[in-house]
Amino acid sequence: SPDTKEHFAREYDCYGDSYTADTDVAQLKEVFSRMKENT
Amino acid sequence: MEKTLNRIHPVSDPEATYFLQVSWEKDLGAGFGIILSDGQCAWTGTVSEAEISREADDMEMNREKYVEELKKALITGEESAGRYNFAISRDEENRECHFSYERNLKDGSFTLGSLKLQKVSSPAEVVRELIGYCLDCLGRLQAKNELLQKENERLFSDWSDVEKRLEKCVEAKEELEADLYSRFILVLNEKKAKIRNLQKLLNEAKESAADDKCAR
Amino acid sequence: MEKTLNRIHPVSDPEATYFLQVSWEKDLGAGFGIILSDGQCAWTGTVSEAEISREADDMEMNREKYVEELKKALITGEESAGRYNFAISRDEENRECHFSYERNLKDGSFTLGSLKLQKVSSPAEVVRELIGYCLDCLGRLQAKNELLQKENERLFSDWSDVEKRLEKCVEAKEELEADLYSRFILVLNEKKAKIRNLQKLLNEAKESAADDKCAR
């Protein structure tokens with residue numbers, strides 16, 4: 001829904017990485033692997 | 001001049017050992033020389049290019065195929081044991097020796113070729129030449145083996161070095177990956193902390209503006 | 001039974017060629033047999049362990065060192081050309097042959113050893129054995145040569161494979177680095193864009209609050 005979209009757009013960047021929650025190796029690897037698929 | 005030396009056992013006397021040296025220039029099919037010796041006597045003869053052609057014609061065999069058969073019979077030597085026979089018949093009076101070579105088949109055999117060999121007047125010289133030829137071949141082969149051995153050791157050493165470098169490269173790649181991720185995380189988390197702080201300030205500013213509006 | 005065969009030229013007749021076969025069990029110092037042949041005649045003899053000790057004592061040489069000298073003189077063969085001499089003296093009447101071997105030095109020479117060899121009654125058999133021994137050695141060396149050659153090809157192929165894998169690993173490492181940096185930059189820039197946006201909103205909020213305060 002538009003609300004959900006807006007919520008995720010506020011919380012996460014277009015690569016799926018959270019703007020506010022600290023990241024770790026596993027999460028960053030996952031973000032990067034998704035970028036591979038997107039690219 | 002190419003030469004080969006082989007041990008042969010005549011069909012008429014399988015216990016007897018003779019040594020057959022065949023020599024030729026470049027191609028056996030262009031003609032070859034034969035020296036036969038029992039270690040005490042020696043006989044010599046030649047087969048010309050024309051004689052080879054005649055033999056091939058006589059047995060209605062393609063010349064190239066005939067020459068291949070000659071190679072297998074006279075040069076390859078012991079490996080062909082059983083596929084070829086040799087017949088030696090000595091005529092001491094006339095100082096000759098009849099030498100023939102046959103091809104064995106399942107259903108019989110046929111003579112590949114034959115020639116009269118003439119007795120050599122100084123067999124000791126021939127024997128010395130045969131042993132000398134062997135020693136020279138042995139020397140060359142030994143030297144070649146030593147070269148190959150050294151080459152093998154060098155190749156093994158090179159392979160071993162490259163294997164180690166490959167191991168190091170794999171390790172370095174893994175270390176690089178881990179190192180970059182840890183740095184990226186530090187930098188990203190700094191930015192996220194900044195974002196959390198700015199969001200907090202923005203919320204506070206919005207709340208303050210709302211409170212002011214209410215108060216008015 | 002270990003054996004070696006070498007060509008030698010007696011000092012008394014350097015043009016003449018003789019073949020010297022030495023045979024021993026495990027260690028030359030425990031005694032050895034000698035066969036000498038000129039391709040026509042053959043002589044044989046033995047040197048016992050005790051005789052070796054006696055010779056070493058006579059020349060006041062350490063036994064081990066003496067045996068080393070014997071090896072160089074009788075076994076190593078042609079390689080020692082110039083460092084050792086052989087003397088052959090034939091007594092046709094008594095069917096004997098005196099054979100001695102000397103060590104050459106700058107200032108002279110000394111006899112390492114000597115023995116009487118007995119003429120062999122069937123030299124042809126000895127000659128056949130010598131040539132046969134050579135052919136057997138050649139066969140073994142040739143087989144070893146082929147093994148070494150195959151090994152050589154395998155080692156080269158292995159080395160070549162590993163080299164290619166190393167190249168790929170180095171490339172992969174470089175690609176990994178570039179790839180991780182490019183992804184990191186994209187994610188980092190998203191955070192920076194967010195920070196810029198939040199800072200803009202915060203500034204706007206602050207300005208708006210200031211304006212309201214003024215208006216009041």
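Numbered from 1 within each chain, the chains take letters A, B, ... in sequence-line order. Source: prediction; values computed, not measured.
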For B/Leu155 against C/Leu155, the heavy-atom pair lying closest together: CB-CB, 3.9 Å
Let me confirm one number: the CG-NZ distance from C/Leu166 to B/Lys164, rounded to the nearest 0.5 Å. 14.0 Å
CD of B/Glu125: more than 12 outside heavy atoms within 6.0 angstrom? no
Check this for me: B/Lys119, atom NZ, are more than 12 non-hydrogen atoms of other residues, nucleotides or ligands nearer than 6.0 Å? yes
Taking C/Asn145, C/Leu176, C/Val187, C/Leu5 one by one, which has the highest count of heavy-atom pairs under 4.5 Å against chain B? C/Asn145
The reported gap from OG1 in C/Thr17 to CD in B/Glu129 (rounded to nearest 0.5 angstrom) is 11.5 Å
For chain B, the option from C/Asp212, C/Leu180, C/Asp158 that forms the most heavy-atom pairs under 4.5 Å: C/Leu180
Which atoms of C/Lys191 are under 4.5 Å from chain B, going by heavy atoms: the side chain, the backbone, both sets, or neither? both
Please give me the minimum heavy-atom distance between B/Arg128 and C/Asp38, naming the atom from each residue. NH1-O, 2.7 Å
Tell me whether B/Arg183 at atom CZ has more than 12 heavy atoms from other residues, nucleotides or ligands lying less than 6.0 Å away. no
Report which part of C/Phe156 has an atom under 4.5 Å of a heavy atom belonging to chain B: side chain, backbone, both, or neither. both
Would you compute the distance between atom CG of C/Leu141 and atom CG of B/Leu141 and round it to the nearest 0.5 angstrom? 4.5 Å
Nearest heavy-atom neighbours spanning B/Ala124 and C/Gln40: CB-CB, 3.6 Å
From the list C/Pro123, C/Gly139, C/Ala172, C/Cys169, the residue making the most non-hydrogen contacts under 4.5 Å with chain B is C/Cys169
To the nearest 0.5 Å, how far apart are CG in C/Leu130 and CG in B/Leu130? 11.5 Å
I want to check something: taking the side chain as every heavy atom from C-beta on, are C/Lys194 and B/Gln199 in contact at a cut-off of under 4.5 Å? yes
Side chain, backbone, both or neither of C/Gln142 within contact of chain B (heavy atoms, under 4.5 Å): both
Report yes if the side chains of C/Arg165 and B/Glu163 come closer than 4.5 Å at any heavy-atom pair, otherwise no. yes
Heavy-atom cut-off 4.5 Å, strictly under: side chain, backbone, both or neither for C/Lys168 against chain B? neither
So, the part of C/Tyr181 with a heavy atom under 4.5 Å from chain B: the answer is both
Please state whether the side chain, the backbone, both or neither of B/Lys213 comes within less than 4.5 Å of a heavy atom of chain C. neither
Indicate yes or no: at least one non-hydrogen side-chain atom of B/Arg7 is less than 4.5 angstrom from one of C/Asp136. yes
Which region of C/Leu188, side chain (C-beta onward) or backbone (N, CA, C, O), has a non-hydrogen atom less than 4.5 Å from a non-hydrogen atom of chain B, or is it both or neither? both
How long is the gap from CG on B/Leu202 to CG on C/Leu201, to the nearest 0.5 Å? 5.5 Å
Portion of C/Glu167 that has a non-hydrogen atom of chain B nearer than 4.5 angstrom: neither
Checking heavy atoms, do the side chain of C/Ala209, its backbone, both or neither come under 4.5 Å from chain B? neither
Chain C contacts, top residue of B/Val127, B/Leu198, B/Asn152 (heavy-atom pairs, under 4.5 Å): B/Asn152
Could you check whether the rings of C/Phe184 and B/Phe184 sit parallel, tilted or perpendicular, using 30° and 60° as the cut-offs? parallel
Measuring from B/Trp159:CH2 to C/Asp161:CG, what's the distance to the nearest 0.5 Å? 11.0 Å
